[in-house]
Participant: 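This structure is in C-alpha cells; I'll ask about it shortly.
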Amino acid sequence: MDGENATSRDASMTLAQSQVINNFEGPMLVLAGPGSGKTRVVTHRIAHMLESGVSPRQILAITFTNKASTEMAERVEKLVPGQRLAISTFHKFCARMLRLYPGAVGLKPNFTILDTGDQTAAIRRAMHHLDLDTTHFPPNKILWRISKAKNDLITPEVFQRNFDESIGNHWDAVVSRVYPEYQKVLLQNNSVDFDDLLVHVAVLLTEFPELRDQLDERFRYVLVDEYQDTNQAQYRIVVALSQTYRNLCATGDPDQSIYGWRGARIENILRFENDFPDVKVVRLEQNFRSTKSILAAADQLIAKNIYRKAKALVTDNVQGVPVRLIRFSDGYREADLIAEHMKAVVASGKRTWSDFAMLYRVNSLSQPLEVAFQRAGVPYQIVAGMPFWEREEIKDLVAYLRVLANPDDDLALRRIVNKPQRGLGAKSQDRIFAWARVEGLTPMEALEKASSIPQLSKKAALSAVLFAKIMNGLDLAKAGSVAELLREVVKKTGITIPWLGSGDETDLARLTNVEQLIAAAEYYDKLAGEERTLEGFLETTSLASDLDNVDEKAGKVTLMTLHAAKGLEFPVVFVCGVEENLIPHERSINSGNPREIEEERRLLFVGMTRAKEVLYLTEASVRSIHGRSTYTIPSTFTEPQHLSLDRLSEFEFQAMTFDPNSFQSKRPTTAVEEFGTFEGEDGDGDEFEDREPGVTKRRSKPAFSSANFSLTTAADLLAGNNKSIEIPTGFPVGSAVRHPRYGKGQVLSASGFGPRRTVTVKFEQGRTETFMVQKSPLQPLR
DNA sequence: GTCCCCTTTCTTTTT
DNA sequence: GAAAGGGGAC
C-alpha cells in the first residue's frame, strides 16, 4: 500500500471505494467490513478534498486512538505533503477546545486531566465528605456508574431525578449522592476526568450556539472513524459540528462494535440515517486482508447474530489453509505447544516472530503463555499489563509537574506531599489543609507557613516548609525544558535515592522508568520547541495509552486481548481459550442479555478477522482459572453445528508442527495448493541453520518443555536428522537461572524428570526457593 | 506513621 | 493464585 500516489488512485480502487473518495459533499455513512481498506479510502478521500481546493483548516478527522490518528496523519502526509489539518482523537480534540473555552464550564485554562487512579481518589474524597463508607461501596464501582452516566450525557441532576422517579436500588442511591459531590471535587481541583472532556465539550456546543456556529463554520468537513464505538457524548459533538455544513462522514462497522460495555452505541449508526435523511450509505464489503477460509469462518460466526444488518464479506484472496480448532489437554500444553510451533515455523525460515499474534479474552490468560514463551525462548511483546503511565514512580513524578502547572490540583499535591516519605502522614496533611481552609489560604501557602499551625508537630512543620521550598524552587522557565525540570525534581526531592544501589529488580525497573519518563519529556521538548508548556506535556502523558506502543514489526510475537487487537492484522493468529465462560465470558452469559452474548460473538469475530493467512482457535479441556483447575465446556461459538472448522487434537497439531507433510487435513480440501508460502505444505526443509534470531540459540538443548523428551525437535526434523534428541536434563545443578521476581540465582539441587522435575535455586539476593520447573517462570541463563 | 497480614475479588478499559 | 485494599498491630 505504500508508494502509491494521489494521481494513480482510481485504477486501483473498487467502485465503492471511489464513491467514498469522490463524494465528499453531504453526509455519508461508510459501512466498512474488516480489512476493507478503510483507512486507505479515508486518507485518499482527504487527499481528494485537498486537491479539490478544500482548505485544510476546514477538515477535522477524529479517531479513537492515538495510534489511528498518527497513522492517518502519516498517510495523508504521504499523499499530500505539508498540509496542516486537524487529525486528532476525540479526547485530544476536546482537550483543545476546553483549553480555548474553559470558563464556560467553570474551569481555568490550566486544568489537569485526571487518570483513573486520581479519579478513584477523587471519588474517595467525595465519599469522605458525605460520610459514606468505602468498604461497602467500592469507589471503583461508583466511578464506573458515574462514568456510564457521563457517557450517556446524564448530568448529576438528571441522575438524581431519574433515581427519585424510579424505585431506585440502594446503589443508585449512593451514586446519586456521590456524583454531584465528585463533580464538585473535580471542579475545585480545576480538573476533569476523561469522560468530562467529552461531556464538557458536548455541553459547550449545546449551550453556546454562537460557539457552535463558529466551530461548525470552521470545521466544515468532519470525518469520524470507528463510528460504531461512539457514545452519546461523542455522537452529540459530531452532530453538533455538522449542522450548518452537513459534510459528516462516518466510517464504521457494526459487526466490530465491542465497546458497548463502555457506553458505545451501535444505534448511533442507525440514528445517522434519521438525523441525515439525505445520507449516502456506502458499503465496503471486499476484504483485502484475509484468505477465503478465514473470511468464511468469520462470516459463518457473525451471521449468528440477530441484532445485525447483514453485510457480505467477500475476497479475491486465495482460499488458504482451513481455520483450525485445536483442543489441548490443559492450558499449559496449549502454551507450550504453541510456543514450540512458532519456534519450529520460525526456524524453518518461513515466518518471523512478528508474524504471530496471540489473542485472548482476559488478561490473566497471558500469564501461562508468558511462562511458556520465556522458557522456550520465544521473543514476545505483551500489550497492556501495567501501562507505563500508571506506574507508581511515574505518577509521582508527573504529580510534581501537575502541582506546578495547576496549583489547585489538590489530588496531585496530596499524592506527592509525602513522597518520598518526609514524615507528613495523613494526619498531618489533614491538619495542614484544614488549617488552610480556615485561614483562607491555598494549600501551598499553608505548607509554607506550617510552622505557625497549632497542634502540628515540629517535625511535620519542618518537612512541610522544606517541601514548599522545593516546590517554589521549581520552574519551567528557569529550568528551560520539561526534561530539565524533571531532572531537577528528581534531584531536589531525592525520590530515587532509596532505589539506587539496591540491585533489586523492581528498583532497577523504577530507575529505568524514570529515565524513560525523562526521555519522553525530551521528546516532547523537541517536538514542541519554544511552545513547550507543562500543560502540553501533561496532556500527552494523560492521553497516552499503552496501545500506542504496539509495534507490529518489533521482531516479537504479540500477545494481547481481543479488544486491544482491533484495527491490527497479523499473518498468523492464535485465538486461545475459546471456551464457554471465557468467550462468551461468564459475566455476559450470566447477564441473561442476548445482546451481551452478541457482543462477545463480535469480539471473536474481530479476533478472527485479524488473521491474514493462518488462523487457529484453541481450547483446553482443563483450564486453571482463579487458581482452580476446572473442566471446560466448549464455547457455543465453536459448536460443530455452528461453525465448520478443522478440529485437531493436540497431537495432530504437534505432528503438524514438526512435520508439515505428515499432516493431512481431515476435511477434503483442495485449497492448500493455492497458497504458496504457508506452513502446512511445502516442506522442502531448506536450510534453517542459523536462521533463528538470537534468542533461540539454545536449539540443541532447548529449555525444558514437556514435549521435548519424546519427540525430535522441529529443527532436526526439518533438517532431515531423524535422531531423537537427548532427554533434557533442564536446569542442571550449578547452572545460572533467572526468576522474574527473585532475580538471578544458581541451581543448588535438582530432582525428577519431565513435568515433575523440581529444582532448588539460591538467589543472589539471599533467598532459596524450590520450583516445579514446568510451572515456574524460571529461565536458564547461558 | 508505617507496615504487614488478612480478606476479597477476579472482563474487556481506544481516552 | 495473586493482587489490591482495609484493618489492626507495632
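Order of the sequence lines sets the chain letters (A, B, ...), proteins ahead of strands, with each chain counted from 1.
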Participant: Taking the side chain of A:R361 as its heavy atoms from C-beta onward, which of B:dT14, B:dT11, B:dT13 lies nearest to it?
Facilitator: B:dT11
Participant: Please report, rounded to the nearest Å, how far the P atom of C:dG1 is from the CG atom of A:L365.
Facilitator: 16 Å
Participant: Would you say the side chains of A:D409 and A:N190 form a donor-acceptor pair under 3.5 Å?
Facilitator: no
Participant: Is there a side-chain polar atom (N or O) of A:R623 under 4.0 Å from OP1 or OP2 of C:dG1?
Facilitator: no
Participant: Could you state the atom-to-atom distance from NE2 of A:H563 to C1' of B:dT14 in whole Å?
Facilitator: 10 Å
Participant: Report the distance from atom CD1 of A:I589 to atom C1' of B:dT11, rounded to the nearest whole Å.
Facilitator: 12 Å
Participant: Are OP1 or OP2 of B:dT2 and a side-chain N or O of A:N418 less than 4.0 angstrom apart?
Facilitator: yes
Participant: Please list all pairs passing the ring pair (Phe, Tyr, Trp, His ring centres under 6.0 Å) test where one or both residues lie in residues 249-268 of chain A, with sequence neighbours left out.
Facilitator: A:Y259-A:W261, A:Y259-A:H563, A:W261-A:H563
Participant: What's the CG-C1' distance between A:N590 and B:dT9, to the nearest Å?
Facilitator: 15 Å
Participant: Is the ring of A:H626 stacked on the base of B:dC10, with centres less than 5.5 Å apart and planes under 30° off?
Facilitator: yes
Participant: Can you tell me if A:E393 and A:N513 form a side-chain donor-acceptor pair at under 3.5 Å?
Facilitator: yes
Participant: Once you round it to whole Å, what is the distance between P of B:dT12 and CD of A:E596?
Facilitator: 15 Å
Participant: Would you check if A:W261 stacks with the base of B:dT12, given a 5.5 Å centroid limit and a 30° plane limit, both strict?
Facilitator: yes
Participant: For B:dT13, does either OP1 or OP2 sit under 4.0 Å from a side-chain N or O belonging to A:N363?
Facilitator: yes
Participant: For B:dT13 and A:T561 - does any side-chain N or O of the residue sit under 4.0 Å from the phosphate oxygens OP1/OP2?
Facilitator: yes
Participant: Answer with base, sugar-phosphate or nothing: what part of the nucleic acid does A:R124 contact at a heavy-atom distance below 4.0 Å?
Facilitator: sugar-phosphate
Participant: Tell me: CE of A:M127 to P of C:dG6, nearest whole Å?
Facilitator: 10 Å
Participant: Could you check which nucleotide pairs with B:dC5 in any of the strands shown, counting Watson-Crick or G-U wobble with both distances under 3.5 Å?
Facilitator: C:dG6
Participant: If you measure from the ring centre of A:H585 to the centre of the six-membered ring in the base of B:dT11, is it under 5.5 Å, with the planes under 30° apart?
Facilitator: yes
Participant: Hey, which sits more toward the 5' end of DNA chain B by its nearest nucleotide, A:A264 or A:R587?
Facilitator: A:R587
Participant: Between B:dT11, B:dC10, B:dT13, which nucleotide has the shortest distance from any of its atoms to the side chain of A:E600?
Facilitator: B:dT11
Participant: Are A:R628 and B:dC10 close enough that a side-chain N or O sits under 4.0 Å from OP1 or OP2?
Facilitator: no
Participant: Distance check needed: B:dT13 C1' versus A:Q119 CD, whole Å only.
Facilitator: 11 Å
Participant: May I ask you to say what A:S588 touches in the nucleic acid, namely base, sugar-phosphate or nothing, with a heavy-atom cut-off under 4.0 Å?
Facilitator: base
Participant: Hunt down the Watson-Crick or G-U wobble partner of B:dT12, both distances under 3.5 Å, from any strand shown, or write none.
Facilitator: none
Participant: Can you check B:dT8 for me, syn or anti if syn means within 90° of 0?
Facilitator: anti
Participant: Tell me what A:F90 touches on the nucleic acid: a base, only sugar-phosphate, or nothing, going by heavy atoms under 4.0 Å.
Facilitator: nothing
Participant: Is it the case that the side chains of A:K150 and A:Q183 hold a donor-acceptor pair, with the cut-off being a distance below 3.5 Å and no angle test?
Facilitator: yes
Participant: Within the side chain of A:R415, is there an N or O that forms a donor-acceptor pair under 3.5 Å with the backbone of A:A399?
Facilitator: no
Participant: Please tell me whether A:F637 and A:F605 form a close aromatic pair, meaning their ring centres lie under 6.0 Å apart.
Facilitator: no
Participant: Which part of the nucleic acid does A:N66 contact within heavy-atom distance under 4.0 Å: base, sugar-phosphate only, or nothing?
Facilitator: sugar-phosphate
Participant: If you pin A:Q429 and A:L197 to their nearest nucleotides in DNA chain B, which one's is more 5'?
Facilitator: A:Q429
Participant: Among A:Y227, A:F93, A:F90, exactly one meets ring pair (Phe, Tyr, Trp, His ring centres under 6.0 Å) together with A:F64. Which residue is that?
Facilitator: A:F90
Participant: What is the distance, rounded to the nearest whole Å, between atom CG of A:N151 and atom C1' of B:dT14?
Facilitator: 12 Å
Participant: Using the C1' atom as the reference point in each nucleotide, state the distance between C:dG6 and B:dT11 in Å, no decimals.
Facilitator: 24 Å
